[in-house]
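The block underneath contains the structure these notes are about, expressed in structure tokens.
For this chain, numbers begin at 1 and follow the sequence in order.
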Amino acid sequence: MGEDRIVPNRQRRRLLMSAVTLTALGLTATQALAAPAPGAKPVPVQRLTGIGHQHAQKVRGGAAAGQAFSAKAEGGGEDEGDEAENAAEGTAQYTEARTAPGVVAPGAYGAAWAQLQSMPHTSGSWDHVTEKPYNSDDPRYRDVNSNSSGGSGAVTGRITGIAADDDGYVYAGGANGGVFRSRTGGGHWQSISDTLPSLSTGALDLDGSGRLWYATGESNTGATSYVGTGVYVLADPRHGEFQPGSRVGGAELESTTIHSLRFAGDKVWAATSRGVWSHSTTTLAGPWTPEFAPNPEYLPGGSKAADPSAPYKNIANDIAIDPKDPSRVVLAVGWRGGDTYNGFYSKAADGTWQRLTSLGELPTVAGDVGNVTFARSADGSRYYAIDQSPTKQATDPDSGLQGIYVSKSGSPSGPWTLIADKDKLKNSGSALQGEGYQPGIQSWYNQFLQVDPNNADHVYAGLEEVFETKDGGAAWTTPGPYWNFDFPCWSIDPAKQTGDCSPTTHSDQHAVAVGSYHGQTSVYVGNDGGIYSRPLNGRLDAGGHAKDWKSLNDGTIDTLQYYSVGVGTDPADRSGKGVIVSGGLQDNGQSILRARDKVMGSNFGGDGADTIVDPANGCNIAEEYVYLDMWVTQNCAVNKGDWKTDPAKATSYEIAPPDKDLGGAGARFIAPVTTDPKDTNTWVAGGRHVWVQNKGFAIRSGAEWTAAYDLGEGHVATAVAASGGTVYAGWCGPCNNQGFTRGIATGKADGTGWHQLNLPVDGTLPNRYVSSFAVDQTDAQHVLVSFSGFSRAWTEGPGAGIGHVFESHDGGATWTDVSTNLPDVPADSLRILPDGGLALGTDLAAFYRTPGRTQWKVLGNGLPTTSVQQLKTGPDGNLYAATFGRGIWSFDLRRLGHGHYGEDD
């Protein structure tokens with residue numbers, strides 16, 4: 001790219017996180033496995049590249065050539081700076097909040113869900129706010145920090161499972177949004193799994209009789225993935241819906257993630273985070289059979305089940321079954337960060353599973369076997385595999401891909417031949433040409449393989465991009481490039497839409513299927529932006545990119561993963577009542593929905609984290625990228641792209657507090673920011689320091705923040721709140737289960753009166769992650785705090801404590817547990833409502849406590865069972881919920897109807 005090239009924010013993200021960390025980082029289960037420079041100028045590309053190299057060195061520092069990562073170190077966390085995906089980048093932070101200080105035992109979420117079913121609800125129902133198309137290329141929002149014009153078009157949240165038949169029925173599973181059905185080859189979606197206790201998708205498959213199998217528990221080993229509650233079967237997927245009673249087997253696969261299901265004869269195999277299991281496909285009752293676990297002592301009930309590394313010691317990635325002899329099975333087993341047990345296994349004559357040592361060019365040594373995906377041709381003549389290498393991940397700054405391979409014998413035993421590596425894919429039309437981010441850099445997170453049912457040499461492979469070969473791997477093209485930026489065809493000019501470039505898919509591929517509708521056979525791909533399709537034998541443009549991708553994200557499928565939400569009055573709405581709703585998203589920037597919009601737009605790119613929206617003017621927006629890299633706009637970031645030729649016309653400004661430059665040592669990946677509701681020009685941001693600025697949305701530089709308090713070396717803020725100049729800051733450090741420590745500091749926004757509250761590890765407040773505060777605007781000494789994680793009943797570690805919500809009337813000197821009847825489930829967001837009631841968002845639901853009462857009820861009806869990450873009240877009198885998997889929802893607080901509640905139980 002040229003020296004004057006101004007990099008969109010999504011590319012900023014890739015440079016910054018070039019060491020395979022990205023947006024989904026660290027340990028899989030949040031539900032606990034097993035167990036422009038200051039001023040108006042955009043940021044120069046040279047500076048961004050430097051940031052990328054700096055962070056890459058941090059996360060790769062200390063990894064010697066050929067060194068595999070230890071599972072314990074990967075589970076350890078951010079204070080072990082020599083491990084590639086933990087280091088200072090805080091890669092397991094989303095999980096830490098729910099697991100530290102120990103390992104969570106299986107069944108914790110199931111028990112909470114069961115209790116939830118018996119709880120009463122308040123009156124009123126939730127309204128779905130973001131059930132609208134979300135155009136990532138909206139031409140209204142092409143300011144410096146947007147990805148608009150990249151070519152992804154209409155997007156939704158991460159899709160991790162797809163199944164399709166030959167009659168136009170397509171099934172798509174959201175990362176934490178459940179299963180959706182289309183009867184029209186994609187589009188006009190209906191949710192069909194909302195009654196299940198888990199909406200986290202590991203795999204979706206149709207068996208030979210047309211039944212739909214839903215394996216819950218997303219397997220991407222990323223920090224924003226959730227474990228599941230097992231495998232469910234829907235006998236009539238064209239008409240029915242999944243029910244809790246349709247689970248296969250018993251509770252054996254609860255609290256696991258499931259990478260794949262494979263069928264052979266009357267048997268289904270499951271590759272899970274607790275080894276490989278099998279079950280009959282004809283008799284769905286009865287337990288699953290454990291087939292192989294390389295380290296059984298780390299399984300629940302084993303002698304090392306409480307070890308912090310236990311979640312990483314029995315990970316199975318895929319299963320390959322010989323089409324000529326179903327008794328010949330090859331297992332791909334191993335933690336993607338590296339461990340001595342990583343490898344391929346098959347069953348010996350004595351019935352034991354033995355490591356394979358010779359498969360041709362497909363490596364078998366532990367350091368070169370990581371995340372693996374298999375695919376078999378319909379005629380049985382070919383097997384294909386993608387392999388990610390922990391050694392390359394540790395030592396190669398550009399890619400973790402070992403290669404793509406073929407077994408021309410059709411047997412998973414090989415011999416296997418290499419048909420593509422990073423360089424071959426890079427030269428096939430890939431958009432990833434820069435140092436530090438090339439094809440396969442995220443091969444631990446992005447993988448799929450699909451063979452054309454009618455042509456064994458025609459294969460689709462998914463990494464960050466979509467690749468295709470029609471000759472068995474001799475030549476490759478990139479029909480789905482990462483984006484269109486930097487291609488000669490690209491233009492930011494809205495009149496040219498995405499320039500002369502063909503539309504592409506969103507990046508980061510996870511799922512694939514082939515199906516037909518009205519005689520047209522299509523390939524369906526799922527990625528961090530939703531689901532897309534194109535004809536199986538589609539057309540390519542001159543650059544080798546597909547001309548015929550179609551986004552199927554029409555707004556009826558909402559699997560958007562929000563970290564935050566903000567609401568303000570729309571200045572353009574003549575009624576004076578319309579609002580603008582914004583929110584920060586996993587890998588889909590910041591969405592903006594204006595009062596009369598029928599389509600949402602994206603005005604900030606990359607990962608959207610926390611957000612501040614002016615209640616009086618919703619076009620005043622502050623957006624956090626990651627690690628406190630904050631940006632602000634005062635015109636909704638409306639821009640036609642004029643900044644490209646005149647940087648002075650940019651209307652988004654980088655205002656990051658200095659802790660941003662310290663990365664994970666200075667602030668968490670998703671760091672807390674807020675305003676003082678009694679003085680909306682006073683903002684508070686939490687990193688290692690508690691930062692304060694008093695210019696509101698008029699701030700233009702990170703230098704305008706003042707450090708009100710230093711939380712201490714190794715400590716980072718997890719929650720901040722303010723009222724009338726009084727500030728509370730929750731922190732952790734270390735933040736993982738290796739010596740987890742938490743605390744609360746309080747003081748004045750002007751930097752005076754700061755002190756740490758006395759919180760003994762075994763005292764009133766639990767030694768768990770501080771997730772949010774709610775401060776009484778009439779009395780700042782009246783404060784409530786919520787805690788994530790599980791109580792001591794489920795956490796196999798020291799000092800976990802009990803309770804999730806605590807209240808103080810003396811500024812935190814003393815506390816009372818007010819959790820009462822709340823389910824034991826991670827709490828995420830706490831709000832004091834205008835009526836004095838309390839609202840709480842958790843990993844399963846939103847709850848409400850009536851003023852003057854002690855018992856909690858489920859807040860309203862109709863909110864899907866998914867994680868409520870943040871609650872905010874809007875100027876319209878509604879409560880807004882940012883969910884991590886099913887979009888944004890609103891609740892009219894007038895519907896509560898306190899008068900007919902009745903007495904607490």
Side-chain angles (χ1 to χ4, degrees), residues 7-25 52 56 85 136 147 150-152 155 158-160 175 220-222 224 336 370-373 386-389 392-393 396-404 420-450 459-469 476-487 503-512 525-532 543-546 549 586-589 605-607:
V7 184
N9 187 55
R10 186 174 169 84
Q11 189 156 348
R12 294 177 61 254
R13 165 178 172 260
R14 300 311 183 186
L15 292 167
L16 176 70
M17 302 295 287
S18 60
V20 308
T21 54
L22 279 298
T23 55
L25 314 157
E85 291 164 42
S136 66
N147 289 333
S152 297
V155 298
R158 189 163 72 236
I159 294 296
T160 52
N220 285 317
T221 53
T224 59
R336 49 95 167 164
N371 188 23
V372 172
T373 298
I386 296 177
D387 177 29
Q388 165 258 340
S389 164
K392 286 186 179 294
Q393 182 176 295
D396 186 338
D398 297 324
S399 177
L401 178 68
Q402 183 70 26
I404 304 177
D421 58 12
K422 175 259 293 182
D423 292 327
K424 192 169 190 177
L425 298 178
K426 177 182 174 182
N427 295 324
S428 71
S430 168
L432 301 182
Q433 301 293 316
E435 183 179 353
Y437 207 84
Q438 296 180 13
I441 188 68
Q442 281 192 154
S443 52
W444 60 270
Y445 174 63
N446 305 133
Q447 280 195 28
F448 73 54
L449 270 176
Q450 177 67 51
V459 181
Y460 279 87
L463 295 170
E464 299 77 29
E465 305 166 291
V466 180
F467 299 97
E468 182 181 18
T469 180
W476 291 83
T477 58
T478 310
Y482 196 92
W483 52 24
N484 287 325
F485 299 127
D486 293 322
F487 290 144
T504 185
T505 68
H506 196 286
S507 58
D508 301 339
Q509 312 304 317
H510 300 292
V512 64
V525 300
N527 47 51
D528 274 10
I531 180 170
Y532 296 75
H545 307 133
W549 284 111
Q586 188 273 331
D587 208 22
N588 281 292
D607 279 274

Donor-acceptor contact below 3.5 Å, side chain [X] vs main chain [Y]:
X: His510; Y: Gly462; answer: no
X: Asn371; Y: Tyr445; answer: no
X: Gln438; Y: Lys426; answer: no
X: Ser399; Y: Pro439; answer: yes
X: Glu465; Y: Ala431; answer: yes
X: Glu435; Y: Asp398; answer: no
X: His506; Y: Asp587; answer: yes

Return the set of residues passing side-chain hydrogen bond (donor to acceptor under 3.5 Å, both in side chains) with [X] (not counting sequence neighbours), or none when no residue passes.
X: Thr504; result: none
X: Asn527; result: Gln509
X: Thr160; result: none
X: Asn446; result: Gln442

Contacts of Phe487 that satisfy ring pair (Phe, Tyr, Trp, His ring centres under 6.0 Å) - sequence neighbours left out: His545
All ring pair (Phe, Tyr, Trp, His ring centres under 6.0 Å) counterparts of Phe467, not counting sequence neighbours: none
Value rounded to 0.5 Å, distance of [atom1] in [X] from [atom2] in [Y]:
X: Leu463; Y: Phe448; atom1: CG; atom2: CZ; value: 8.5 Å
X: Asp421; Y: Asp387; atom1: CG; atom2: CG; value: 12.5 Å
X: Arg158; Y: Ile531; atom1: CZ; atom2: CD1; value: 15.0 Å
X: Ile159; Y: Asp508; atom1: CD1; atom2: CG; value: 13.5 Å

Do the non-hydrogen side-chain atoms of [X] and [Y] ever get within less than 4.5 Å of each other?
X: Gln586; Y: Asp528; answer: yes
X: Leu425; Y: Ile404; answer: yes
X: Tyr532; Y: Val466; answer: no

Indicate the atoms forming the closest heavy-atom contact of [X] with [Y], along with that distance.
X: Trp476; Y: Ala420; answer: NE1-CB, 3.5 Å
X: Thr373; Y: Leu449; answer: O-CD1, 3.4 Å
X: Ile386; Y: Ala461; answer: CD1-CB, 4.3 Å

Which residues share a side-chain contact (heavy atoms from CB on, under 4.5 Å) with Ser136, sequence neighbours left out: Ser152, Val155
Non-neighbouring partners of Asn427 that pass side-chain contact (heavy atoms from CB on, under 4.5 Å), sequence neighbours left out: none
Pair Thr478-Ser430, side-chain donor/acceptor within less than 3.5 Å: no
By salt bridge (Lys or Arg N to Asp or Glu O under 4.0 Å) - contacts of Glu468 (at least two apart): Arg534
